[in-house]
Amino acid sequence: MVQISIVIPFLNEEESLPELYRWIKQVMAERDFSYEIIFVDDGSSDGSWKIIEDIQFNDAAVKAVKFRRNYGKSAALNVGFEHTSGDVVITMDADLQDSPDEIPDLYDMIISQGYDLVSGWKKKRFDPLSKTIPTKIYNGVTRWMTGIKLHDMNCGLKAYRSEVVKTIEVYGEMHRYIPVIAKWAGFTRIGEKEVQHQARKYGVTKFGLSRFLYGFLDLFSIMFMGKFGKRPMHFFGALGTLMNFLGFAILLYLSAAKLFLSATGIANRPLFFLGLLLIIVGFQLFITGFIAELVTRNATERNKYKIEKTI
Ligand code: UDP
Ligand code: MG
């Protein structure tokens, strides 16, 4: 019986890994946890893998997976999740910015307070302003759009009930929105814990400014997939109907004006073009909806539902 599985994705973190490993071992020993550490090498080109190989050779509690190339943090987490066997799964960054000292409390919150997911909250952050300010905006927008009241959605340090990581799938850059994905999958008991944060001690950040643009695009994808992923016509069709209705009403009004009031120069009025545009675009939205329905009918995700129990 494994109590805690710790999943650590890393990309070129050779200086941090030995220290992180020793620190985790020490914390686990203090409470005599049964645990495993799953390192996922996301295509490192430095000496990281060699270090992990040596660690794994001498420690049966360590598992490690090495990607052939860099696939991104989400992919690394997803593969790490597949290998976990513990009741509680902890994820943390490899760069020593997250503190292993938080693990026991996170574990307790899952086990005794009944949370499905607990996200760390780096209340006092040690990152440059160029990162902390956009992050505040990003967290605000995400809270507002998803209704999940977390201050720090993308904190690398999180704890999950095992079922959560075995149910959800993380890909692309979606690791930023794991609480949203979990909520859509039906895991609604989402909590938060203030955690210690440190400045990066070694190496450099692996994400550039592009993270914010991609992050927001991913938010839209997730919201759309969660709400309309299995019924896209409801989204496109509703929008299309609304547009067609408006367009039709406009053209009807213009026709009536010409027929009954002998209005002239109708085809030159801006309203005329708006009416045409609404009808054309609305119709295209309808077609998009049909095509999206066809795609979902044929997708492998079809008829895959998150089942909690069958008795
Ligand atoms: N990471 C990864 N694959 C990537 C980018 C990052 O596995 O493509 C790891 C990285 O090694 C670290 C964690 O994800 O363990 C968080 O990355 P980083 O510290 O660079 O992000 P930041 O703290 O600057 O947001
Ligand atoms: Mg970091």
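The main-chain N or O of Val170 is found under 3.5 Å from a side-chain atom of Asn78 such that the two form a donor-acceptor pair. At least one donor-acceptor pair closer than 3.5 Å links the side chain of Ser74 to the backbone N or O of His175. In this structure a side-chain-to-backbone donor-acceptor pair under 3.5 Å is present from Asn139 to Thr135. At distances below 3.5 Å, not a single donor-acceptor pair connects side-chain atoms of Lys183 with backbone N or O atoms of Ile148. Under a 3.5 Å cut-off, the side chain of Asp152 and the backbone N or O of Lys122 do form a donor-acceptor pair. Side-chain atoms of Thr91 come within 3.5 Å of backbone N or O of Gly156 as a donor-acceptor pair. Of the possible polar contacts, one joining the Asp42 side chain to the Tyr71 backbone as a donor-acceptor pair under 3.5 Å is found. At distances below 3.5 Å, not a single donor-acceptor pair connects side-chain atoms of Glu194 with backbone N or O atoms of Trp121.
Residues Pro9 and Ala94 come closest through the heavy atom pair O-CB, 3.8 Å. Closest of all the heavy-atom pairs between Ile190 and Tyr115 is C-CD2, 3.9 Å. A pairwise comparison of heavy atoms in Lys193 and Glu102 identifies NZ-OE1, 2.6 Å as the closest pair. Residue Trp23 comes nearest to Asp101 through the heavy atom pair NE1-OD1, 3.0 Å, listed as atom of the first residue, atom of the second, then distance. Shown here for Phe290 and Met233, the closest heavy-atom pair between the two residues is N-SD, 3.7 Å. Here the shortest heavy-atom pairing between Thr296 and Gly229 reads CG2-O, 3.3 Å.
Counting heavy atoms of neighbouring residues, nucleotides and ligands inside a 6.0 Å radius, atom NZ of Lys258 does not exceed 12 of them. Sparse packing is recorded around OH of Tyr171, with 12 or fewer heavy atoms of other residues, nucleotides or ligands lying under 6.0 Å away. Atom CD of Gln196 has 12 or fewer neighbouring heavy atoms from other residues, nucleotides or ligands inside a 6.0 Å radius. Residue Lys124 qualifies as open at atom NZ: its count of foreign heavy atoms under 6.0 Å is 12 or below.
Between Gln97 and His197 there is a side-chain heavy-atom pair separated by less than 4.5 Å. At least one side-chain heavy atom of Thr241 sits less than 4.5 Å from a side-chain heavy atom of Phe286. The shortest distance between side-chain heavy atoms of Ile222 and Trp184 falls below 4.5 Å. Counting heavy atoms from C-beta outward, Ser99 and Val195 have side chains that stay 4.5 Å or more apart. Side-chain contact check for Met28 versus Ile6: some heavy-atom pair is nearer than 4.5 Å. Side chains of Tyr253 and Leu271 form a contact here, defined as non-hydrogen atoms less than 4.5 Å apart. Taking 4.5 Å as the limit, some side-chain heavy atom of Asp93 sits within range of a side-chain heavy atom of Lys73. Val204 has its side chain out of reach of Asn12: every pair of non-hydrogen atoms, C-beta onward, lies at least 4.5 Å apart.
Both the sub-6.0 Å distance and the 45° axial angle are not jointly satisfied by Arg231 relative to the ring of Phe235. Annotation: cation-pi geometry satisfied between Arg176 and Phe207 (NZ/CZ under 6.0 angstrom from ring centroid, within 45° of ring axis).
Residues passing the salt bridge (charged side-chain N to carboxylate O under 4.0 Å, His left out) test with Lys50 are Asp54, sequence neighbours excluded. Residues that satisfy the salt bridge (charged side-chain N to carboxylate O under 4.0 Å, His left out) test with Glu53, not counting sequence neighbours, are absent from this structure.
With values rounded to the nearest 0.5 angstrom, Met243 atom CE is found 9.5 Å from Leu274 atom CG. Taken to the nearest 0.5 Å, the OH atom of Tyr138 stands 6.0 Å off from the CE atom of Met153. Summarising the geometry, atom CD1 belonging to Ile4 is positioned 4.0 Å from atom CZ belonging to Phe33; distances are rounded to the nearest 0.5 Å. Atom CD1 of Ile137 sits about 10.0 Å away from atom OG1 of Thr132, to the nearest 0.5 Å. To the nearest 0.5 Å, atom CD of residue Glu14 and atom OH of residue Tyr202 are 11.5 Å apart. For the atom pair CD1 of Ile178 and CG of Leu117, the computed distance is 8.0 Å after rounding to the nearest 0.5 Å.
Cluster membership check: Tyr214 does not share its hydrophobic cluster with Tyr177, using side-chain heavy-atom separations under 4.5 Å among Ile, Leu, Val, Met, Phe, Trp and Tyr. A single hydrophobic cluster is seen to contain both Ile37 and Leu17, as judged by linkage of ILVMFWY side chains at heavy-atom distances under 4.5 Å, directly or through other members. Val62 and Val89 fall into different hydrophobic clusters, where Ile, Leu, Val, Met, Phe, Trp and Tyr are joined by side-chain heavy atoms under 4.5 Å apart, directly or via other members. No chain of hydrophobic side-chain contacts below 4.5 Å, direct or via other Ile, Leu, Val, Met, Phe, Trp or Tyr residues, connects Ile103 to Val2. Under the 4.5 Å side-chain heavy-atom criterion for Ile, Leu, Val, Met, Phe, Trp and Tyr, Phe10 and Ile51 are members of the same hydrophobic cluster.
Taking a cutoff of 4.0 Å between a charged side-chain nitrogen and a carboxylate oxygen, Asp59 and Lys25 qualify as a salt bridge. Salt-bridge formation is not detected for the pair Glu13/Lys201: no Lys NZ or Arg NE/NH1/NH2 atom is positioned less than 4.0 Å from an Asp or Glu carboxylate oxygen.
For Phe81 and Tyr160, the ring centers sit closer than 6.0 Å to each other.
Relative orientation of the Phe39 and Tyr21 rings is tilted, given thresholds of 30° and 60° on the angle between their planes.
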**Study point:** side chain to side chain contact (heavy atoms under 4.5 Å, CB included) between Asp41 and Ile52, worked out
**Key:** CA-CA 9 Å; Asp41 183 345; Ile52 295 303; over 6 Å; no
Point to revise | Residue pair Glu15, Leu96: steps toward the side chain to side chain contact (heavy atoms under 4.5 Å, CB included) verdict | key: CA-CA 10 Å; Glu15 303 98 328; Leu96 294 167; over 6 Å; no
Exercise for review: Tell me, with the steps shown, if Val118 and Gln113 meet side chain to side chain contact (heavy atoms under 4.5 Å, CB included).
Suggested key: CA-CA 10 Å; Val118 179; Gln113 296 182 36; over 6 Å; no
Practice item. Could you check Leu157 against Ile90 for side chain to side chain contact (heavy atoms under 4.5 Å, CB included), going step by step and ending with a plain yes or no? Key: CA-CA 7 Å; Leu157 181 57; Ile90 305 278; 4.0 Å; yes
Practice item. Could you go through the side-chain hydrogen bond (donor to acceptor under 3.5 Å, both in side chains) check for Lys166 and Thr84 one step at a time? Key: CA-CA 9 Å; Lys166 298 296 181 189; Thr84 61; 3.2 Å; yes
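Side chain to side chain, Glu36 and Ser5 meet the donor-acceptor criterion of an N or O pair below 3.5 Å.
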